S.K.: 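What follows is a structure written as structure tokens; I'll ask about it next.
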Amino acid sequence: MAKIQAIRGMNDVLPTQTPAWQYLERVMRDLLAAYAYQEIRFPIVEQTQLFKRSIGEVTDIVEKEMYTFEDRNGESLSLRPEGTACCVRAAEQHGLLYNQTQKLWYMGPMYRHERPQKGRYRQFYQMGVEAFGMSGIDIEAELLMLSRDLWQQLGIDDVLTLEINNLGNSEDRKRYGETLKEYLLQHRDVLDEDSQRRLEKNVLRILDSKNPQTREILKQAPQLPDHICADSAAGFQQLLEILAQAGIAYQVNTSLVRGLDYYNGVVFEWTTDKLGAQSAVCSGGRYDGLSRQLGGSDTPGVGFALGMERMVLLLEELEKLPAGISRTVDLYICVIGDGVQQQALILAAEIRRRLPTLRVLTHCGGGKYNSQLKKAYASSAQCALILEGEEAQREVKLRVLDDNGDTSTVAAQSVFDSLSRLFDIELFD
RNA sequence: GUGGCCGUAGCUCAGCUGGUAGAGCCCCUGACUGUGACUCAGGUUGUCGUGGGUUCGAGCCCCAUCGGCCACCCCA
């Protein structure tokens, strides 16, 4: 019978890897809490329409990467390819955007049917931050400071660079799109195939093209900054000043337009050269029209999302994972001889009750002294508690699990005191 | 979606021009050590990704398929 294996591009995160994930998640949660952002959770499956209307019909994500299927009642559903649209939908549906502002975050798996590659999987995890109801650039500044703080706490700020651009308000964007299209139509035949297709529905994306011939044409094209209204331009300048003041280095990149249709205003991307082709680690921007586009209120929004496996990859690559996060055991209890198991389990429970922060692993499944001690060392516990034979009722041994292996015999009743002292933690009654 | 490389024990890999599989690590047992690690002796481990085909015979050739890696592309 053929073995069943995981679906292409979908990964199992094994026990050796989960500590890195948990560490990353912990740092992120704590930082988000420090900024007073609240967590929101929403489903993995949504109506296909949600993504078509928000991300855009002619984007790659919607056209060829969504996991779309029919529900039993014939409704078209899709696995979420990103979180922003879901977040807006959920916030709108529950009245979170009615006359109020929201600072939210979420974390979870997203799905895109792409060709798997390093740092790019079909099920991948994103942490996203979205702020609703605020139209000034102060919120953009806060989001960028938040992300920079995160890089600093993780120790990876020196390998990330911030690219930023202003798309202007919705009218600016629209007007520029028309001007650009007009210009490009004159050179239609010289454009690459993709760009020709984008002429119709997604003109700005052509600015992103890497095709040399197309790039040549773009040199003479109308420039985006020239089509941005004074207000928007002034706001952008103000944001750049705040960034400078906050000590955040940035690079204005006027061809940065982002692949999702809903963006306008400020867009940005944190990139690195340490992950091969998958250079974007975190990106986002403003999407003021999105909520209305989905049939909701006219609520401004800004946000960003970051790729968690890319973060984990970076942390591993740069060896920025703190030592000790992989240790899951403090005390290993060896159980030697018949009739000791019961005592060991009861004692372990009592230790956990009175020394709640201690992580206690009771050896199960038998085995000789040698092999149990070997496992105790391999477990990375700092200390072994050895219960041997009948005398374990009266006294037990405590062995420090280092190269010296100093062992002391203690009375069964004073085990708790000894452990409390040894690990320097408070003992409860 | 396009192109390139790859898929042999839990892990890292070897296997020459086709003759039905090996090493190291790990693991287990024993000896030694006043009971881990060190040293010595021994032992377990695989439908050679899967399914077809060519052949007297295929891990090695051919086809398909699944999966991995890398780039394009896309993006987080």
Side-chain angles (χ1 to χ4, degrees), chain A residues 1-12 14-16 55 58-66 80-84 106-129 147 160 192-195 197-198 202 205 208-211 256-260 263 267-272 275-285 303-314 332 334 336-337 363 365-381 383-384 386 388-389 397 399-407:
Chain A
M1 185 132 38
K3 272 185 220 159
I4 295 178
Q5 49 187 2
I7 293 169
R8 184 154 152 88
M10 310 223 176
N11 296 316
D12 299 308
L14 303 178
T16 50
I55 299 170
V58 291
T59 55
D60 281 9
I61 294 178
V62 168
E63 269 184 339
K64 39 195 184 192
E65 295 175 1
M66 276 216 291
R80 61 187 188 196
E82 60 111 28
T84 301
Y106 57 83
M107 198 184 278
M110 307 295 162
Y111 301 84
R112 290 182 203 171
H113 193 104
E114 299 182 271
R115 187 86 168 251
Q117 201 174 313
K118 183 178 192 170
R120 186 171 85 178
Y121 310 104
R122 291 184 174 178
Q123 172 180 294
F124 61 101
Y125 287 76
Q126 280 192 342
M127 191 279 282
V129 182
S147 54
L160 294 178
D192 60 281
E193 212 176 304
D194 272 343
S195 297
R197 269 187 57 243
R198 285 175 177 148
N202 209 349
R205 278 299 312 288
D208 244 348
S209 172
K210 279 154 198 147
N211 181 287
L256 179 72
V257 298
R258 319 282 304 109
L260 291 76
Y263 285 114
V267 294
F268 58 88
E269 208 163 90
W270 289 93
T271 60
T272 179
L275 292 179
Q278 311 310 317
S279 60
V281 157
C282 168
S283 60
F304 67 78
L306 67 81
M308 307 251 299
E309 27 286 272
R310 289 180 189 181
M311 298 266 56
V312 171
L313 242 32
L314 254 188
Y332 196 103
C334 297
I336 323 286
H363 181 90
K368 294 189 171 164
Y369 200 112
N370 259 8
S371 81
Q372 287 198 33
L373 200 56
K374 199 170 170 183
K375 281 177 177 138
Y377 271 94
S379 77
S380 80
C383 179
I386 301 162
E388 188 171 14
K397 285 178 191 157
R399 175 166 179 147
V400 178
L401 295 175
D402 57 16
D403 286 343
N404 296 325
D406 290 339
T407 309

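Letters A, B, ... mirror the listed sequences (proteins, then strands); counts begin at 1. This is a predicted model, so every value here is computed, not measured.
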S.K.: Go through the steps to decide whether E114(A) and K64(A) satisfy the test side chain to side chain contact (heavy atoms under 4.5 Å, CB included), and finish with yes or no.
M.R.: CA-CA 8 Å; E114(A) 299 182 271; K64(A) 39 195 184 192; over 6 Å; no
S.K.: Would you please classify the geometry between the F304(A) ring and the F268(A) ring as parallel, tilted or perpendicular, with 30° and 60° separating the classes?
M.R.: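 Taking F304(A) first and then F268(A), their aromatic rings stand perpendicular (interplane angle over 60°).
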S.K.: Please produce a list of atom pairs where a protein N or O lies less than 3.5 Å from an N or O of nucleotides 3-8 of chain B.
M.R.:
{"unit_1": "G3(B)", "atom_1": "O6", "unit_2": "R115(A)", "atom_2": "NH2", "d": "3.2"}

S.K.: Both A6(A) and E114(A) contact RNA chain B. Taking the nearest nucleotide for each, which residue is further toward the 5' end?
M.R.: A6(A)
S.K.: Compare the minimum distances between each of U29(B), G36(B), A76(B) and the side chain of E309(A), then state the nucleotide with the smallest one.
M.R.: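 For the E309(A) side chain, the nearest candidate turns out to be A76(B).
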S.K.: Judged by each residue's nearest nucleotide on RNA chain B, which is more toward the 5′ side, D403(A) or G307(A)?
M.R.: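 Its nearest nucleotide being more 5', the pick is D403(A).
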S.K.: Classify the side chain of R120(A) versus the base of C69(B) as yes if they form a donor-acceptor pair under 3.5 Å and no if they do not.
M.R.: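 Checked by distance alone, the answer is no.
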S.K.: Would you mind telling me which of G36(B), C75(B), A76(B) lies closest to the side-chain atoms of S279(A)?
M.R.: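 When the side chain of S279(A) is considered, C75(B) is the closest of G36(B), C75(B), A76(B).
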S.K.: Under 4.0 Å between a side-chain N/O of Q278(A) and OP1 or OP2 of A76(B), yes or no?
M.R.: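 Indeed not, no polar side-chain atom of Q278(A) lies that close.
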S.K.: May I ask you to evaluate whether R205(A) reaches the phosphate of C74(B), defined as a side-chain N or O under 4.0 Å from OP1 or OP2?
M.R.: yes
S.K.: Do R112(A) and E82(A) meet the salt-bridge criterion of a basic N to acidic O distance under 4.0 Å?
M.R.: no
S.K.: Does C28(B) have OP1 or OP2 sitting under 4.0 Å from an N or O in the side chain of K374(A)?
M.R.: yes
S.K.: Under a 3.5 Å cutoff, is there a donor and acceptor pairing between the side chains of R399(A) and Y377(A)?
M.R.: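 Distance-only check passes for R399(A) and Y377(A).
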S.K.: Can you check whether K368(A) has a side-chain N or O nearer than 4.0 Å to OP1 or OP2 of G30(B)?
M.R.: yes
S.K.: Is any side-chain N or O of N370(A) closer than 4.0 Å to OP1 or OP2 of G36(B)?
M.R.: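 Checking N370(A) against G36(B): at least one side-chain N or O falls below 4.0 Å of OP1 or OP2.
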